[in-house]
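Reviewing the structure listed below.
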There are 2 protein chains.
Amino acid sequence: MSDPSSSSSIGNAESIARAARRAFEESQLVATSERDVALKAIRDTLEAAKEEVIVANKKDMEAAESLAATGQLSTSLVSRLDLSRPGKFEAMLQGISDVAALPAPTGLVTFAKEIGPGLELHRVTCPIGVLLVIFEARPEVVVNIAALAIKSGNAAILKGGKESIHTATLLSSLIATALSKTSIPSTFIQSVSTRSEISSLLAQDRYIDLVMPRGGNELVKSIQNSTRIPVMGHADGICAVYLDESAVEEKAVRVVVESKTDYMAACNSAETLLVHESLINTLWPKVASALMDVNVCLRCDTATLAPLQNLPQAAQFVTASSESDYSTEFLGPTLAVKTVSSVAEAIRHINSHSSHHTDSIVTEDEAAMSAWCRGLDSANCFVNASTRFADGTRYGLGTEVGISTGKTHARGPVGLDGLVIYKYMMRSTKADGSVIADHEKAGKGYTHKDLQKGEPPF
Amino acid sequence: MSDPSSSSSIGNAESIARAARRAFEESQLVATSERDVALKAIRDTLEAAKEEVIVANKKDMEAAESLAATGQLSTSLVSRLDLSRPGKFEAMLQGISDVAALPAPTGLVTFAKEIGPGLELHRVTCPIGVLLVIFEARPEVVVNIAALAIKSGNAAILKGGKESIHTATLLSSLIATALSKTSIPSTFIQSVSTRSEISSLLAQDRYIDLVMPRGGNELVKSIQNSTRIPVMGHADGICAVYLDESAVEEKAVRVVVESKTDYMAACNSAETLLVHESLINTLWPKVASALMDVNVCLRCDTATLAPLQNLPQAAQFVTASSESDYSTEFLGPTLAVKTVSSVAEAIRHINSHSSHHTDSIVTEDEAAMSAWCRGLDSANCFVNASTRFADGTRYGLGTEVGISTGKTHARGPVGLDGLVIYKYMMRSTKADGSVIADHEKAGKGYTHKDLQKGEPPF
């Protein structure tokens with residue numbers, strides 16, 4: 001984020017941000033159902049332009065493949081760029097229809113009170129405003145985020161990874177074309193392509209309401225350091241499993257092995273295993289064997305290392321841990337292992353070392369479960385369940401906007417309701433209007449009677 | 001915020017922040033009802049120490065009075081410092097009991113689903129963590145914020161205006177003494193007294209979760225510029241009233257006059273009046289007269305200025321406006337007046353000039369009301385009601401933590417529920433624990449059945 005911004009990129013960023021704000025404001029008087037009409041138009045436009053999109057995607061693929069050939073890009077990134085794989089384009093289109101089919105998260109009454117005779121107050125969910133979303137080089141994410149923004153009524157400015165530039169630029173322009181035929185302004189979704197534009201956009205706190213960086217810890221921190229705009233994102237995913245004194249074997253093995261190995265690059269995979277000291281010579285070697293059977297390297301403290309010495313696979317998979325291992329997101333087949341003497345010590349370790357994302361206890365003890373769920377300062381506190389469950393789709397949220405490790409606004413897997421806020425609407429039907437003097441000076445006070453939370457007044 | 005921090009204040013800030021975090025974490029296993037026990041202990045301790053507090057307050061008063069005598073401090077600030085005014089100390093104590101009597105905002109289930117057989121997910125409200133609250137020189141605010149923090153389960157670090165230092169320091173130490181006799185750690189509420197400590201605390205994003213500046217726009221912006229920690233506050237209060245084409249006289253006069261004059265230093269007072277062009281020679285001169293009768297100066301655009309020329313008070317109260325008047329928080333007896341040709345133009349003007357706080361329309365027209373409440377990007381959208389209603393107590397929120405003009409987490413008057421977030425608790429009761437493979441690989445999928453939102457599982 002430190003590249004110097006030319007004055008032209010500042011001017012450009014400001015006009016993009018202002019256009020987004022205007023598009024958002026204009027859209028507020030458009031009926032909510034028109035958002036679904038717009039999503040259908042986008043789907044149809046993209047469907048008709050499939051060949052053109054695949055041609056643009058080929059350009060990105062060729063550039064990426066030649067970088068990968070010289071080791072400047074990972075092959076997994078190249079494969080994520082590819083929109084021509086069988087079913088991928090169609091899945092992207094289906095994603096739009098799936099989002100359209102969800103209930104709108106706006107226009108819901110979350111609080112309703114009679115303040116006094118003829119004076120009613122409703123708190124109604126509404127879009128946040130203008131979102132700035134920064135994401136990796138996956139072209140279908142452009143379409144996915146555009147759909148989520150439109151469904152929730154938020155205008156959005158998108159910046160994808162530079163490797164997907166040809167595909168992303170074309171997808172954005174097709175989205176604008178589709179919107180221009182609907183009641184939603186065509187500048188409701190805009191894209192930028194350079195880093196210096198991002199840097200200038202982060203100064204536009206007058207027009208932009210929320211920044212959502214989807215990327216590593218470094219990206220999130222550098223954005224938090226360079227803007228007054230609120231940031232919703234997740235930093236690392238340093239998740240832990242704790243085997244409590246009362247843990248039984250089958251649960252322990254299943255939960256630990258899946259939490260670690262199901263998808264090692266995911267943020268909800270386990271990186272740390274804490275073992276109660278009473279299990280060191282009983283359950284722990286069995287769990288360790290199961291992990292080594294699937295090629296997981298174990299970085300152990302002294303106590304957990306000792307009982308593994310005689311296991312045949314130990315020479316290949318077991319090493320001594322260092323302190324930094326307990327704060328590392330390995331994202332691969334390595335697990336840091338540590339002994340603790342109580343659930344309280346496990347909680348303290350996790351609260352000070354984890355990324356407050358997802359942590360699971362394996363236990364039969366109700367008191368330990370309760371301490372775990374209450375004492376752990378993590379978004380997702382699990383009992384006898386794999387950390388891999390921490391996901392918006394698995395939670396049944398309908399869709400997942402992202403996972404937040406922040407402590408305000410939204411936490412954990414974020415669904416569409418993480419893209420809304422609320423406003424208060426107060427309406428007087430008194431013949432002479434309502435003033436506080438009616439209540440406070442005439443000594444009549446307020447009724448503050450709860451009303452049914454039905455439809456919003458407007 | 002730009003004063004250079006000495007290394008000792010950084011060290012001190014870090015140890016204060018770390019102690020707050022530890023106090024927060026320890027308190028999570030304490031029963032919620034103990035928070036009310038702690039509030040009672042604080043009330044009793046302060047009550048017993050009244051004389052001592054008044055002595056400390058006298059020191060602050062004397063220093064402030066001598067500064068006021070030489071014009072270095074306003075007399076209104078001096079009067080706000082004074083805890084010895086009849087009833088003030090008792091009101092402060094009663095405030096603690098009032099907060100204790102409110103329902104706890106934590107431990108509420110806001111989402112509950114069966115994910116699959118034997119696997120339940122609950123979303124449960126919980127404290128945010130550690131708050132850093134920066135406020136004006138009003139000693140009773142120390143006690144008020146401590147009570148709100150304890151009730152919501154958040155540890156807090158407080159910094160009051162330097163003019164109240166003797167009183168605030170003593171109150172904080174009495175609070176710590178009271179807490180030391182309860183199950184809540186005595187470092188749950190801490191105070192700092194210098195600006196450089198604040199500057200160092202703003203770097204402690206590892207330990208502090210939310211900063212709440214209660215002060216002017218400059219304070220809020222400078223804090224937003226110097227921290228990665230989320231900030232909840234309100235900047236200006238530039239509120240408007242709009243007289244729509246169909247406005248009737250009695251409502252117009254009552255709403256405008258109270259919105260402007262009831263308490264001119266309040267953030268929910270009107271600073272701008274927009275008048276539909278059709279009312280310029282009819283309703284507008286009547287409203288203008290009512291305002292001038294209570295000594296309000298009117299800064300008018302050309303169209304609203306013309307019809308006032310012949311009114312007797314005009315020479316004293318009416319002047320031509322400049323563009324900057326429409327973005328000014330006068331906080332006094334001045335009102336900027338402007339003509340608009342439609343409700344849409346009024347909305348556009350407010351969205352681009354106001355502080356998104358509170359704006360009221362006077363109208364008889366349902367379509368205009370609906371456009372107003374939907375199109376306005378303000379926390380509080382009012383119809384035929386005074387802007388002065390925008391207040392947590394008047395809304396019946398139980399108490400008011402502050403008013404937020406932000407667009408994330410909490411907006412408008414913020415009650416205790418603005419000091420909480422949530423965590424997800426997932427519990428498996430399956431004999432072999434729960435892994436996603438049970439659902440995704442065995443092809444059984446998820447049930448995602450809504451459960452009754454009753455008590456939290458733990």
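Below, read A as the first sequence line, B as the second, and so on, with proteins coming before strands; counting in each chain starts at 1.
- Here Arg254(B) is the residue among Met425(B), Lys251(B), Arg254(B), Gln224(B) with the most heavy-atom pairs under 4.5 Å with chain A.
- For Asp417(A), the part lying near chain B is the side chain, with the backbone staying farther off; criterion is any non-hydrogen pair under 4.5 Å.
- For CD of Glu364(A), the number of neighbouring non-hydrogen atoms (other residues, nucleotides, ligands) closer than 6.0 Å is greater than 12.
- No side-chain heavy atom of Phe24(A) sits less than 4.5 Å from a side-chain heavy atom of Leu131(A).
- Heavy atoms closer than 4.5 Å to chain A are found in the side chain of Leu119(B), but not in its backbone.
- Of the residues considered (Val255(A), Asn380(A), Val253(A), Asn225(A)), Asn225(A) shows the highest number of contacts with chain B, using heavy-atom pairs under 4.5 Å.
- Of the two parts of Thr358(B), neither the backbone nor the side chain holds a non-hydrogen atom closer than 4.5 Å to a non-hydrogen atom of chain A.
- Residues of residues 431-441 of chain B that come within less than 4.5 angstrom of chain A, heavy atom to heavy atom, are Ala431(B), Asp432(B), Gly433(B), Ser434(B), Val435(B), Ile436(B), Ala437(B), Asp438(B), His439(B), Glu440(B), Lys441(B) in numerical order.
- Both the backbone and the side chain of Ala371(A) come within less than 4.5 Å of a heavy atom of chain B.
- Atom OG1 of Thr408(B) sits about 6.0 Å away from atom NE2 of His409(A), to the nearest 0.5 Å.
- Classification of Arg21(B) and Asp377(A) as a salt-bridged pair holds, one side-chain N sitting under 4.0 Å from a carboxylate O.
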Practice item. Take Arg123(B) and Thr110(B), measure what side chain to side chain donor-acceptor pair (under 3.5 Å) needs, and give me the verdict at the end. Key: CA-CA 6 Å; Arg123(B) 187 170 70 195; Thr110(B) 58; 2.9 Å; yes
Point to revise | Stepwise side chain to side chain donor-acceptor pair (under 3.5 Å) test for Asn384(B) and Ser428(A) | key: CA-CA 5 Å; Asn384(B) 295 324; Ser428(A) 168; 5.9 Å; no
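- Every residue meeting the side-chain contact (heavy atoms from CB on, under 4.5 Å) condition with Ala266(A), not counting sequence neighbours, appears here in chain and number order: Tyr263(A), Asn268(A), Ser269(A), Arg388(A).
- The contact between Ile115(A) and chain B is made entirely by side chain atoms (from C-beta outward), counting heavy-atom distances below 4.5 Å.
- In this structure, Thr405(B) contributes its side chain and Ser355(B) its backbone to no donor-acceptor pair below 3.5 Å.
- For a residue to count as touching a neighbouring chain, one of its non-hydrogen atoms must lie under 4.5 Å from one of that chain's; by this rule Leu29(B) touches chain A with backbone and side chain alike.
- The most heavy-atom pairs under 4.5 Å with chain A, out of Ala252(B), Ser386(B), Gly418(B), Ala379(B), come from Ala379(B).
- Note on residues 223-232 of chain B: pairs passing salt bridge (charged side-chain N to carboxylate O under 4.0 Å, His left out), not counting sequence neighbours, are Asp205(B)-Arg228(B).
- Contacts of Thr429(A) with chain B are absent, with no heavy-atom separation under 4.5 Å from either backbone or side chain.
- Heavy-atom pairs under 4.5 Å with chain B peak, among Asp262(A), Val257(A), Leu210(A), at Asp262(A).
- In this structure, chain B has no heavy atom under 4.5 Å from any part of Leu419(A).
- The pair Lys430(A)-Glu250(B) does not count as a salt bridge, with every side-chain nitrogen at least 4.0 angstrom from each carboxylate oxygen.
- Going from atom CD1 of Ile347(A) over to atom OG of Ser354(A) covers 11.5 Å, rounded to the nearest 0.5 Å.
- With hydrogens and angles ignored, the 3.5 Å screen pairs a side-chain donor or acceptor of Asn351(B) with a backbone N or O of Gly375(B).
- With a threshold of 4.5 angstrom between heavy atoms, Ile361(A) does not approach chain B through any atom at all.
- Taking chain A as the reference chain and counting heavy-atom pairs below 4.5 Å, the highest number among Ala385(B), Pro413(B), Cys381(B) is found for Cys381(B).
- Leu243(A) approaches Val287(A) most closely through the heavy-atom pair CD1-CG2, 4.0 Å.
- At a threshold of 4.5 Å between non-hydrogen side-chain atoms, the residues Asp450(B) and Phe111(B) do not count as touching.
- Interface remark: His448(A) contributes side-chain atoms only to the contact with chain B (heavy atom separation under 4.5 Å).
- Ranked by heavy-atom pairs under 4.5 Å with chain A, the list Phe389(B), Tyr207(B), Tyr446(B), Phe382(B) is led by Phe389(B).
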**Study point:** From CA spacing to verdict: side chain to side chain contact (heavy atoms under 4.5 Å, CB included), Ile403(B), Val414(B)
**Key:** CA-CA 6 Å; Ile403(B) 292 195; Val414(B) 179; over 6 Å; no
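- The candidate from Gln28(A), Arg22(A), Arg348(A) with the greatest count of non-hydrogen atom pairs under 4.5 Å with chain B is Gln28(A).
- Most heavy-atom pairs under 4.5 Å with chain B, from the set Leu376(A), Val248(A), Val420(A): that is Leu376(A).
- Of the atoms belonging to Thr227(B), it is backbone heavy atoms, and not side-chain ones, that fall under 4.5 Å from chain A.
- Heavy atoms closer than 4.5 Å to chain B are found in the backbone of Thr393(A), but not in its side chain.
- Between Glu366(A) and Arg427(B), at least one side-chain N (NZ, or NE/NH1/NH2) sits under 4.0 Å from a carboxylate O, which counts as a salt bridge.
- With chain A as partner, the option from Ala410(B), Pro127(B), Cys126(B) having the largest number of non-hydrogen pairs under 4.5 angstrom is Ala410(B).
- When each of Pro456(B), Gly116(B), Ser370(B), Ser378(B) is scored by its heavy-atom pairs under 4.5 Å with chain A, the top score falls to Ser370(B).
- Using a 4.5 Å cut-off between heavy atoms, Asp391(B) does not touch chain A at all.
- Between chain B and the residues Arg206(A), Lys113(A), Met369(A), the largest count of heavy-atom pairs under 4.5 Å involves Met369(A).
- Tyr395(B) meets the ring pair (Phe, Tyr, Trp, His ring centres under 6.0 Å) test with Tyr424(A); sequence neighbours excluded.
- At a 4.5 Å heavy-atom cutoff, the contact between Val30(A) and chain B is made by backbone atoms alone.
- Looking at heavy atoms from C-beta onward, Val241(A) lies in side-chain contact with Thr387(A) at the 4.5 angstrom threshold.
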